[in-house]
Enquirer: 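This structure is in structure tokens; I'll ask about it shortly.
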Amino acid sequence: MIALTGVSRTYPGGVAALREVSLRIGHGELVAIAGPSGSGKSTMLNVIGTLDRPTTGSVHIDGHDVSALTDNQLSALRATTIGFVFQSFHLAPRVPALDNVADGLVYTGMSRSERRRRAAEALERVGLGHRMDHEPHELSGGERQRVAIARAVAGDPPLLLADEPTGALDSVSGAGVMELLRELNAAGTTIVIITHDREIADRLPRQVRMRDGEIVSDSAQEPVRLWK
Ligand code: ADP
Ligand code: ADP
């Protein structure tokens, strides 16, 4: 699903946010990207999400060589293939949950009625069938993040990228959001989550740790622990 090979990203001014990073993530994986602030996690997620292009190295997403695609082709790839979830929800204020989710499908070319049907289905999937008419300010933090997740998965993208999805939530709501992400993963979605929270990272099936723009450990590469 994701293949980064020798990827570096240097920002104007000379900060090397990624240094020769190589990483493969298969269909159906659930992966945590962990590491201290400034280690390159967001840059890596932006490169995987095709929001940013590497300075050098190659990126393949769902079989597409990102460097061979124009910006318009990348927008189309994102619309069909990748859902995004952010720490701060990124919902439109004063807009009911159903429309917040349906509006995320505008770029798919679906009709308005199809978008609303899909949005209702996605809200049911995240357990918010009873909150469709609620505006973000009428919802709890955990519910807002569920709406944001419904928005991200309404078009059934095979890949979901989440940047600190529990970072703005108390631990109970955060645990609920992680449980929801696990369910979506069990239903087939490949998920990559940035997290500062070691407890969350430690519970996921695969953990990639970064420091200073490099991958310093990847639990998928570790030898089997015979005493387990
Ligand atoms: P993390 O998500 O782990 O906190 P980032 O990927 O945001 O790390 O940042 C990695 C490094 O790149 C940091 O030194 C950060 O200051 C720098 N950086 C991030 N975004 C930019 C930018 N747009 N311009 C310049 N430097 C940036
Ligand atoms: P945070 O809000 O803590 O930065 P998010 O995951 O919501 O975390 O943000 C992801 C990225 O989008 C960050 O690099 C952040 O700077 C940027 N971002 C978040 N909100 C906005 C906004 N309203 N306008 C512009 N950029 C934003």
Side-chain angles (χ1 to χ4, degrees), residues 1-25 29-62 66-67 69-71 74-75 77-78 81-91 141 144-145 148-149 151-152 157 159-171 173-174 177-178 181 185 189-222:
M1 171 60 75
I2 298 168
L4 308 188
T5 310
V7 166
S8 297
R9 174 67 168 102
T10 304
Y11 288 111
V15 176
L18 294 178
R19 306 162 187 260
E20 298 271 332
V21 167
S22 296
L23 175 68
R24 301 178 86 82
I25 294 176
E29 284 203 65
L30 173 54
V31 183
I33 309 281
S37 187
S39 58
K41 304 183 299 296
S42 296
T43 302
M44 175 128 94
L45 207 71
N46 287 341
V47 166
I48 292 172
T50 78
L51 297 165
D52 192 9
R53 290 177 185 271
T55 312
T56 60
S58 80
V59 178
H60 287 77
I61 302 298
D62 202 22
V66 167
S67 69
L69 302 181
T70 64
D71 287 350
L74 285 185
S75 301
L77 177 67
R78 283 194 294 276
T81 307
I82 311 176
F84 293 92
V85 174
F86 305 94
Q87 174 173 340
S88 52
F89 319 133
H90 294 195
L91 296 174
R144 286 183 213 178
Q145 192 60 295
I149 291 170
R151 181 180 163 107
L159 176 60
L160 186 64
L161 303 179
D163 190 346
E164 297 279 2
T166 63
L169 304 177
D170 62 72
S171 59
S173 314
V177 162
M178 287 309 302
L181 292 174
N185 174 249
T189 308
T190 305
I191 304 185
V192 182
I193 302 174
I194 288 184
T195 183
H196 269 105
D197 188 330
R198 199 176 264 272
E199 251 179 70
I200 287 177
D202 284 347
R203 282 187 196 157
L204 295 186
R206 180 175 175 192
Q207 184 178 156
V208 173
R209 296 199 70 85
M210 300 193 61
R211 198 170 55 215
D212 296 336
E214 295 181 321
I215 294 175
V216 291
S217 71
D218 180 344
S219 62
Q221 309 297 329
E222 282 165 18

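Remember, it's 1-based here, ligands and their atoms both numbered in the order they're listed.
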Enquirer: Show me, pair by pair, the donor-acceptor contacts under 3.5 angstrom made by side chains of residues 29-40, not counting sequence neighbours?
Expert:
residue	atom	partner	partner atom	Å
Glu29	OE1	Arg206	NH1	3.1
Glu29	OE2	Gly26	N	2.8
Glu29	OE2	Arg206	NH1	3.0
Ser39	OG	Pro36	O	2.7

Enquirer: With sequence neighbours excluded, what pairs up with Ser171 under the side-chain hydrogen bond (donor to acceptor under 3.5 Å, both in side chains) test?
Expert: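 For Ser171, no residue satisfies side-chain hydrogen bond (donor to acceptor under 3.5 Å, both in side chains) once neighbours in sequence are set aside.
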Enquirer: Considering only heavy atoms from C-beta outward, does the side chain of Ile194 approach that of Glu164 to under 4.5 Å?
Expert: yes
Enquirer: Output yes when a side-chain donor or acceptor of Ser219 lies under 3.5 Å from a complementary backbone atom of Gln207, and no otherwise.
Expert: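 Such a contact is found between Ser219 side chain and Gln207 backbone.
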Enquirer: Is a side-chain N or O of Thr55 found less than 3.5 angstrom from the main chain of Thr10, in a donor-acceptor match?
Expert: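 Checking the backbone N and O of Thr10 against the side chain of Thr55, a donor-acceptor pair under 3.5 Å is found.
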Enquirer: Applying a heavy-atom distance cut-off of 4.0 Å, which protein residues contact ligand 1?
Expert: Tyr11, Val15, Ala17, Pro36, Ser37, Gly38, Ser39, Gly40, Lys41, Ser42, Thr43
Enquirer: Got a sec, which residues hit salt bridge (charged side-chain N to carboxylate O under 4.0 Å, His left out) with Arg203, two or more places apart in sequence or on another chain?
Expert: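 Glu199.
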